[in-house]
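Presented below is the structure to which this report refers.
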Amino acid sequence: MSEIKFGVSPAYQISRYGDRFTPENVAESLSDLSAQGYSSFQLEVFHPETLNDWAYRGINKIAEAAAKFNIYPSQFVGHFLLHGFESAEALESEFGIVETRVCLDLLKPFPDCSVITVAIPGFTVPTGRVDRAGYKKLWDRFAGKIKTMLAIAEDGGKKLALEILPGSILGGLQGLLRLIDQFGSVNFGYNLDTGHAWASRELVGLVPAMLDDRIFGTHLKDNAQAENLSLAPGRGTIPWDILVPNLLNSAYRGSWDIEIKCESGDVASEYEQGLKFLKSKINVFKGV
């Protein structure tokens, strides 16, 4: 079993700086992350109006800091892309197509960062009657937009992963498996967000078996299932004793990235605790 690398999701930056965190904030944080034992971090653009500044100015500052502290991105999370999937009107729009091309430009300083993750949000169901034909139209438009974004990512040498929030038009992991079969591309997969999956009533412990080599990244967090929170692993009810060994036995070999949202003053201690917890579970399985 190869050495496991650990990283953080963009929730680290949000907890520390708020959701208006800047490229300068990310660059500033890398020395602390490296000192805490993390070897990777996730890039994210949270607000669509900031994309060009990140892609054509700010990313170079992050690249300089990453090289200095030897810590590199495991994936790019296009959180802002969720606005292309939140309603019927959003699905009909072209939002997300040109933006995916800009994401490729953003990643040029990091050629080894191979995954673009698209957040799929809760969906606002149209008012009035939606019949089977109407649902099929919504699904086809959703699938068509994702397929176009996948093609753009592939043309740029990248993979496309979906992060599935509760209540999405995708309908959870069964919907994702449906798209995987429909697209037939090895470059299309899943960002395993344990909290979203648990809040969606997915069988989290079986997710590594269900998706296996289609898991392209992780957001490892906890909650009590009733609320879609981002707690440190071990602070909720996710069955880590089942999930950890199954993830270790899967084809996933990427970074184990922790996602915790907390008060800014608690960031260091919470991420230290999350890392300690995951390492302890892994060591139990490995017999250390």
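Here the structure is a predicted model, which means the values were calculated and not measured.
Not one N or O on the side chain of Ser34 forms a donor-acceptor pair closer than 3.5 Å with the backbone of Ser31. A distance-only check finds no donor-acceptor pair linking the side chain of Asp155 to the backbone of Ile152 [under 3.5 Å]. A donor-acceptor pair is defined here as one N or O able to donate and one able to accept, closer than 3.5 Å; no such pair exists between the side chain of Glu163 and the backbone of Leu192. The backbone N or O of Leu179 sits nowhere less than 3.5 Å from a side-chain atom of Gln182 that would complete a donor-acceptor pair. Tyr271 places a side-chain N or O within donor-acceptor distance of the main-chain N or O of Tyr12, the cut-off being under 3.5 Å. Side-chain atoms of Asn187 never come within 3.5 Å of backbone atoms of Lys159 as a donor-acceptor pair (strictly under, hydrogens ignored). Judged by distance alone, the side chain of Arg253 and the main-chain N or O of Ser250 form a donor-acceptor pair under 3.5 Å. No donor-acceptor distance shorter than 3.5 angstrom exists from the side chain of Arg141 to the backbone of Ala90, with no hydrogens or angles considered. Counting only distance, with no hydrogens or angles, the side chain of Ser39 and the backbone of Ile71 share no donor-acceptor pair below 3.5 Å.
Annotation: Arg132, atom CZ; neighbour count of heavy atoms from other residues, nucleotides and ligands within 6.0 Å does not exceed 12.
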Between Trp240 and Phe277, does a side chain to side chain contact (heavy atoms under 4.5 Å, CB included) hold up when you go through it step by step?
-> CA-CA 10 Å; Trp240 296 100; Phe277 176 85; 3.7 Å; yes
Is there a side chain to side chain donor-acceptor pair (under 3.5 Å) between Thr22 and Asn25 once you walk through the steps?
-> CA-CA 5 Å; Thr22 65; Asn25 292 148; 3.2 Å; yes
Does the side chain to side chain contact (heavy atoms under 4.5 Å, CB included) test come out yes or no for Lys221 and Leu231, once each step is laid out?
-> CA-CA 6 Å; Lys221 64 188 180 190; Leu231 306 178; over 6 Å; no
Step-by-step side chain to side chain donor-acceptor pair (under 3.5 Å) determination, Ser9 to Gln42 | CA-CA 5 Å; Ser9 92; Gln42 295 181 8; 5.0 Å; no
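With no hydrogens or angles considered, a side-chain donor-acceptor pair links Ser40 and Ser255 at under 3.5 Å. Counted by atom type alone, Asn283 and Ser280 present zero donor-acceptor pairs between their side chains at under 3.5 Å. Looking at Asn191 and Gln75, their side chains do bring a donor and an acceptor atom within 3.5 Å of each other. Glu263 and Ser15 form no side-chain donor-acceptor contact under 3.5 Å, judged by distance and modelled atom types alone. Side chains of Thr124 and Glu86: a donor-acceptor N/O pair is absent below 3.5 angstrom, by distance only. A donor-acceptor pair shorter than 3.5 Å cannot be found between the side chains of Trp198 and Asn228. For the 3.5 Å distance criterion, the side chains of Asp257 and His219 fail to qualify, holding no donor opposite an acceptor.
Taking a cutoff of 4.0 Å between a charged side-chain nitrogen and a carboxylate oxygen, Lys145 and Glu94 do not qualify as a salt bridge. Checked for salt-bridge contact, Arg101 and Asp105 miss the test: no charged N lies under 4.0 Å from a carboxylate O. Salt-bridge formation is detected for the pair Asp131/Arg129: a Lys NZ or Arg NE/NH1/NH2 atom is positioned less than 4.0 Å from an Asp or Glu carboxylate oxygen. Salt-bridge check for Lys261 with Glu270: failed, with every basic side-chain N at 4.0 Å or more from each acidic carboxylate O. Contact check on Lys68 versus Glu28 returns no salt bridge, with no Lys/Arg side-chain nitrogen under 4.0 Å from an Asp/Glu carboxylate oxygen.
Distance check, rounded to the nearest 0.5 Å: CG of Leu43 to CZ of Phe110 gives 6.0 Å. The SG atom of Cys113 sits 9.0 Å away from the CG atom of Leu106 when rounded to the nearest 0.5 Å. Atom CZ in Phe216 sits 10.0 Å away from atom CG in Leu162 (nearest 0.5 Å). One distance of note links CG of Leu275 with CD1 of Ile258; it measures 5.0 Å at 0.5 Å rounding. Here the straight-line distance linking atom CG of Leu170 with atom CG of Leu165 works out to 11.0 Å at 0.5 Å rounding. Separating the CD atom in Gln36 from the CD atom in Glu272 is a distance of 6.0 Å, to the nearest 0.5 Å.
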Output side-chain donor-acceptor pairs under 3.5 Å for residues 199-211, partner residues at least two apart or in another chain, one line each.
from, atom 1, to, atom 2, distance (Å)
Ser200, OG, His196, O, 2.8
Arg201, NH1, Ala199, O, 3.4
Arg201, NH1, Gln225, O, 3.1
Glu202, OE2, Leu173, N, 2.9

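The aromatic ring centroids of Phe183 and Phe188 lie less than 6.0 Å from each other. For Trp54 and Phe21, the ring centers are positioned less than 6.0 Å apart.
In this structure, Phe46 and His79 have parallel ring planes: the angle between them is below the 30° cut-off, well short of the 60° mark.
If you run side chain to side chain contact (heavy atoms under 4.5 Å, CB included) between Tyr190 and each of Thr218, Leu176, Leu177, Thr117, only Leu176 comes through.
Using a 4.5 Å heavy-atom threshold, the side chains of Thr194 and Asp222 count as separate.
Both Leu150 and Ile116 belong to a single network of hydrophobic side chains, linked directly or stepwise wherever heavy atoms of I, L, V, M, F, W or Y lie under 4.5 Å apart.
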